[in-house]
Structures are given as C-alpha cells and as structure tokens.
Amino acid sequence: MSDPGGGCPLFVCYANCCRSVLACYLYRDLCNEAPALSAGLDVGERISDRAERMLREWGIDASAHRPLKLSRRLCDEATAIFVMAPSYLHRLVWEYGEDLADKAYLFADPFTRPVSLGNGEYTVSDPSFDNRPTVELLKEFGWMRERVLQIRLALLGDGRRLVPLREYLEVCKTVDRGSH
C-alpha cells in the first residue's frame, strides 16, 4: 500500500480479533487504502464473527484477517499506536518500553488529556461479547468510522492535536495493566 503521508497507525486491542480489526480495516477503507496495522496484546484464534459481519455490512471484506500478536517491531514500524483501553496502554509501555508513550494514544478519545482512567472510561467495548443483532452493533459502533477519519486528519497534520500517553503517563500507571 502506498501512502502520500500520515504514516502508518497501529491499532491494538486484547486479542486482535475484533476492536483493533474494526479500526484497522475501517481506516484502510475510509482513508483511500492508507496503510494501517493491527495487533493484540495476546493473540486470538481468528477474527470475531461479529467483527467480520459488521465489516461486511460496511462493504469491507476482512475474511482473510489473521490475528497478530503485538511486538516491539510492530510498535517501531507504526507512526502512532491507538489502543482500545487504558489498561492496554499501561501494558504497552510496561512490556515494550516507556519510550512508546510519545506515540501511544487512547482510541476512544486521542484528543483530550484524561484526568482519570477509572470506571471503564476511555475503554472501547468489545462487540465480540455482545449478542445484539448486527444492525444494532453497527449503530452503536458507527462512531468508529468518524474516529478513524479524525485520526487520519490528525496524522496528516490537518486535524486536532493528538494527546500522547506521555502527557498522562502517571495517571495511566494507576490502571491495572492486567485488566481488559
């Protein structure tokens, strides 16, 4: 994939079966095939049926997706890392290096500096465990389409300023990195 600018974002969730897959495939589709990566802190077996159905409804074929485990190499390859929960941010810098705090962001809201990360704030819920019909999931997760476009603009320097983990690292370290 060629890209006229903006680099290559990496989207991270727990198992790379649903949330990061949704974000990555939406990014590629909505941003004219701009490069994007996705990975999980751990690795699942396959794409979630719900994620695959949601993407199909959006006109995107993700049937060839194979979950990928996060690695330092992937982190280095990415120009920015967007994670689906505060605990994943904490685990990211704990396992792969605190230097990543300069390019790591919360996908739920990468534009504000959190003052608190408790009570599930800034956590993207996982449709894998949601038994509602696909049409309802599409309505609830439609905001992800807008978020990837906002991220693209920010990476191109045309959007709002992204707030890196570095600016709230101490708050993030209070989050249990083992939770998800």
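Throughout, residue positions are numbered sequentially from 1 according to the sequence presented.
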Review point. Between Ser87 and Asp176, is any side-chain donor less than 3.5 angstrom from a side-chain acceptor?
Key: no
Point to revise | Distance-only side-chain donor-acceptor flag, Glu52 / Ser63, under 3.5 Å | key: no
Using atom types as modelled and distance alone, determine if a side-chain donor or acceptor of [X] lies under 3.5 Å from a backbone N or O of [Y].
X: Lys69; Y: Ala15; answer: no
X: Arg19; Y: Ser125; answer: no
X: Asn16; Y: Leu68; answer: yes

Electrostatic pair [X]-[Y], nearest N-O below 4.0 angstrom:
X: Arg91; Y: Asp42; value: yes
X: Arg53; Y: Glu57; value: no
X: Arg72; Y: Asp99; value: yes
X: Arg66; Y: Glu45; value: no
X: Lys173; Y: Glu170; value: yes

Review point. Under 30°, 30 to 60°, or over 60°: which ring-plane class applies to Phe11 and Tyr27, parallel, tilted or perpendicular?
Key: tilted
Point to revise | Ring geometry between Tyr88 and Tyr14 (parallel below 30°, tilted from 30 to 60°, perpendicular above 60°) | key: tilted
Roughly how far, to the nearest 0.5 Å, is the [atom2] atom of [Y] from the [atom1] atom of [X]?
X: Leu89; Y: Trp94; atom1: CG; atom2: CH2; result: 15.5 Å
X: Leu30; Y: Met144; atom1: CG; atom2: CE; result: 11.0 Å
X: Glu146; Y: Leu26; atom1: CD; atom2: CG; result: 11.5 Å
X: Leu10; Y: Leu92; atom1: CG; atom2: CG; result: 8.5 Å
X: Leu169; Y: His90; atom1: CG; atom2: NE2; result: 8.0 Å
X: Glu77; Y: Cys8; atom1: CD; atom2: SG; result: 6.0 Å

Check your understanding: Any cation-pi pair here, Arg160 with Phe111, using under 6.0 Å and within 45°?
Key -> yes
Review point. Are the side chains of Val21 and Cys24 in touch, meaning some heavy atoms are under 4.5 Å apart?
Key: no
Practice item. Report yes if some heavy atom in the side chain of Phe82 is under 4.5 Å from a heavy atom in the side chain of Val124; otherwise report no. Key: no
